[in-house]
Amino acid sequence: MVWWFAVPKIVFGDDALSELEQLVGKRALIITDKVINKLGLAEKVSDLLCNNQWATAIWDGAVPDPKVSTVKEAAGAMKAFGADWIIAVGGGSVMDTAKAAWVLYEKPDVELEALTPFDELGLRAKAKLICIPTTTGTGSEATKAIVIRDDETGRKFATMNPELTPDIAILDPEFVVGLPKELTAYTGMDALTHAIEGYVSVWKNDFSDGSSLQAVKMVFEWLPKSIEDLTDLEAREKMLVAACLAGMSFGNSQAALAHSLGHSMGSVLRTHHGLSVGMALPYTIEFNCTESEEAAAQYSELAGLIGIREKDDVATSMKFAEAIRELMVKIGSPTSFKEAGVKKKDFKAGLEKLVEFAMMDSSLTMNPRNTDSNELRKLYKYMFDGKRIDF
Ligand SMILES: NC(=O)c1ccc[n+]([C@@H]2O[C@H](COP(=O)([O-])OP(=O)(O)OC[C@H]3O[C@@H](n4cnc5c(N)ncnc54)[C@H](O)[C@@H]3O)[C@@H](O)[C@H]2O)c1
Ligand SMILES: [Fe+2]
């Protein structure tokens, strides 16, 4: 069987942004959101290019958990400007907006939800893509994935295509120094979830494994440090790298159950992506390890990286899930719906939709344990109270 592993050119470290001085082209459209634009981060990119005789424009209409309609607006801006480079400056929502809009800019007839990994899109006839992350979690700058929200149903759908892997990812710590505490915690949990799910997904491979192992080690070491001291530049840079490594892993293997549960939470309850998948992660480890010997062995290998070893793989996996909860408590990321402030009545009202959307999510197929809607309902109920999984 032939496999391949796709990553962008990754530029990292102090002053990574200066990579733009080497760029060949004429017209760069910067895709961002209003928060990032206000912080002056898009302008920083624009100024550097303008000094090098580029024509630039900033489109700042991206919104958290991008909708199809927003993506279409961004594609319209690309067409109106005639961009030959698209530069996304922002978190996962901005990067996914840029990636998806790029598809529509090049191929206006594509229906995003119907996009498959096997479609030959012929991107790059008009423009290439650079991603500059301003959060330390999604790894979207290194993946071929996009997560978009349907305007009518509100359902977030994840899809992918190899051509969507950005051309260049620029990891410049200057772009994440101001990331607030809560977002640092939530996006850091997204990175950890990618690294762990990438390691147990049924599409795992030796290349994704290597990226996951390093990312797990780095998140446990550097996420608490980046929360303790928000100005710790080394911790910020390490988390940028860890998030990108985790993206390289799951982008080339796949995410699993925690992402199905998390996407659905984002759709129905509008909770932040990293908060959602991070909260789900320990429950899914407890759920998977008792039925899949392979997954238990894989979780045990990861647990070994942080010095956990119990009498067998299942016990080690359970302890690993607990260690993840301890990390979440330390950094202030909720471990249950209750802790996240979700009201019982809202949870009850949304439960059937949560289950329905999670069952439809593409990440479910790559989970090491098969499941059904009854189990997903039960998982959510346990997650509401913070109860450990025993089924
Ligand atoms: N395509 C992929 O591979 C992939 C992977 C994981 C997640 N995602 C998607 O990414 C989205 C989540 O992205 P995210 O977690 O990066 O958050 P986000 O992009 O949704 O941003 C959340 C908020 O943080 C603000 N923000 C971003 N950077 C900031 C900074 N440096 N300082 C201050 N505020 C800042 C944004 O303006 C926004 O208001 C979700 O839609 C998720 O489904 C995609
Ligand atoms: Fe994620």
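Read the numbers this way: they start at 1 and go in the same order the structure lists the ligands and their atoms. Numbers for residues simply follow the sequence, beginning at 1.
For the pair Ser336 (side chain) and Gly386 (backbone), a donor-acceptor distance under 3.5 Å is absent. Proximity of a side-chain donor or acceptor of Thr316 to a complementary backbone N or O of Ser300 within less than 3.5 Å is not detected. Between the side chain of Ser208 and the backbone N or O of Asn205, at least one donor-acceptor pair lies under 3.5 Å.
One finds the CG atom of Asn161 at 11.0 Å from the CG atom of Leu112 (value rounded to the nearest 0.5 Å).
Taking a cutoff of 4.0 Å between a charged side-chain nitrogen and a carboxylate oxygen, Glu106 and Arg124 do not qualify as a salt bridge.
Ring geometry, Phe347 versus Phe337: the interplanar angle falls from 30° to 60°, so the pair is classed tilted. In this pair, His194 and Phe250 present their aromatic rings parallel. The plane angle is below 30°, not in the 30 to 60° band.
For ligand 1, residues of the protein lying within 4.0 angstrom by heavy-atom distance are Asp33, Val35, Ile36, Leu39, Pro64, Asp65, Gly91, Gly92, Ser93, Asp96, Thr134, Thr135, Thr138, Ser140, Thr143, Ala145, Ile146, Val147, Lys156, Phe175, Gly178, Leu179, Pro180, Leu183, Thr187, Asp190, His194, Phe250, His272, His273.
Side-chain contact annotation: Asp190 with Thr187, donor-acceptor N/O pair under 3.5 Å absent. A donor atom on one side chain and an acceptor atom on the other are not found under 3.5 Å apart for Thr136 and Lys238.
Ordered by chain and number, Asp190 OD1, His194 NE2, His259 NE2, His273 NE2 make up the set of protein N, O or S atoms under 2.8 Å of the Fe ion (ligand 2).
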